[in-house]
Amino acid sequence: MNMLKIKVINQSAHELPAYQTPLSAGLDLRAQLSEPVTLAPLQRTLIPTGLFIELPEGYEAQIRPRSGLAFKHGVTVLNSPGTIDADYRGEIKVLLVNLSDTEFVVENGERIAQMIVARHETIEWETAESLSDTQRGAGGYGSTGKK
């Protein structure tokens, strides 16, 4: 398997993100904090990671919630998935929100999100007067579950 090489500057006190198992799709991102951050119920805040990356053209990094944080604590990534474009050179920060009814404390080094690097296409619009017919057609939200 070919590995995509990504340039990274690590200004955090933590090791670089790593895959937790051989078949994992996402790398866990850790909080880089000088002191713990308390998220009140329904509060949101940007959590720094201390990481800066250089993605190749045609790639994006997607920032997604960690299922354990969401299930156990009601803490998730608000703009999910967040996209890091190939031309962004700033610090990766994660927009966390506490959807629970209790406070949640984010500790330095805590795994707060996962990052997936993926290829994407750049499109060119082709103006048309009609689109091809399909079984679904213009059926909207929930339309495929009806009998």
Indicate if Phe71 and Leu99 have the same hydrophobic cluster label, given that clusters are the connected sets of ILVMFWY residues with side-chain heavy-atom separations under 4.5 angstrom. no
Are Val117 and Val94 connected into the same hydrophobic cluster when the rule is that any two of I, L, V, M, F, W, Y join if their side-chain heavy atoms are below 4.5 Å apart? yes
How many angstroms lie between CD1 in Ile84 and CD in Glu91, if you round to the nearest 0.5 Å? 10.5 Å
Taken to the nearest 0.5 Å, the spacing of Gln32 CD from Glu110 CD works out to 13.5 Å
Without swapping roles, check the side chain of Arg89 against the backbone of Ala86 for a donor-acceptor pair under 3.5 Å. yes
Is Arg136 atom CZ crowded by more than 12 heavy atoms from other residues, nucleotides or ligands, each under 6.0 Å away? yes
Name every donor-acceptor pair, under 3.5 Å, that has one atom in a side chain of residues 43-53 and the other anywhere in the protein, sequence neighbours excluded.
from	atom 1	to	atom 2	distance (Å)
Gln43	OE1	Ala40	N	2.8
Thr49	OG1	Leu51	N	3.2
Thr49	OG1	Ile92	O	2.7

Do Gln20 and Arg111 have side chains that approach each other closer than 4.5 Å (heavy atoms only, starting at C-beta)? yes
Show every side-chain hydrogen bond (donor to acceptor under 3.5 Å, both in side chains) that has at least one partner inside residues 57-66, sequence neighbours left out. Glu60-Gln62, Glu60-Thr83, Gln62-Arg64
With hydrophobic residues grouped by side-chain heavy-atom distances under 4.5 Å, do Leu78 and Val106 end up in a single group? no
Is the shortest side-chain heavy-atom distance between Val77 and Asn79 below 4.5 Å? yes
Taking the side chain as C-beta and beyond, is there a heavy-atom pair between Phe104 and Leu69 under 4.5 Å? yes
Backbone of Leu39 reached by a side-chain donor or acceptor of Asn98 within 3.5 Å: yes
For Gln114 and Pro65 the tightest heavy-atom approach is NE2-O, 3.2 Å
Answer yes if Ile63 and Leu33 sit in the same cluster of Ile, Leu, Val, Met, Phe, Trp and Tyr residues linked by side chain heavy atoms under 4.5 Å apart, and no otherwise. yes
Ile112 reachable from Ile116 in the ILVMFWY side-chain graph, under 4.5 Å edges: no
Is the closest side-chain heavy-atom distance between Ser80 and Leu95 below 4.5 Å? no
Shortest non-hydrogen contact from Thr102 toward Ser100: O-OG, 2.9 Å
Regarding His14 and Asn108, is there a side-chain donor-to-acceptor distance under 3.5 Å anywhere? yes
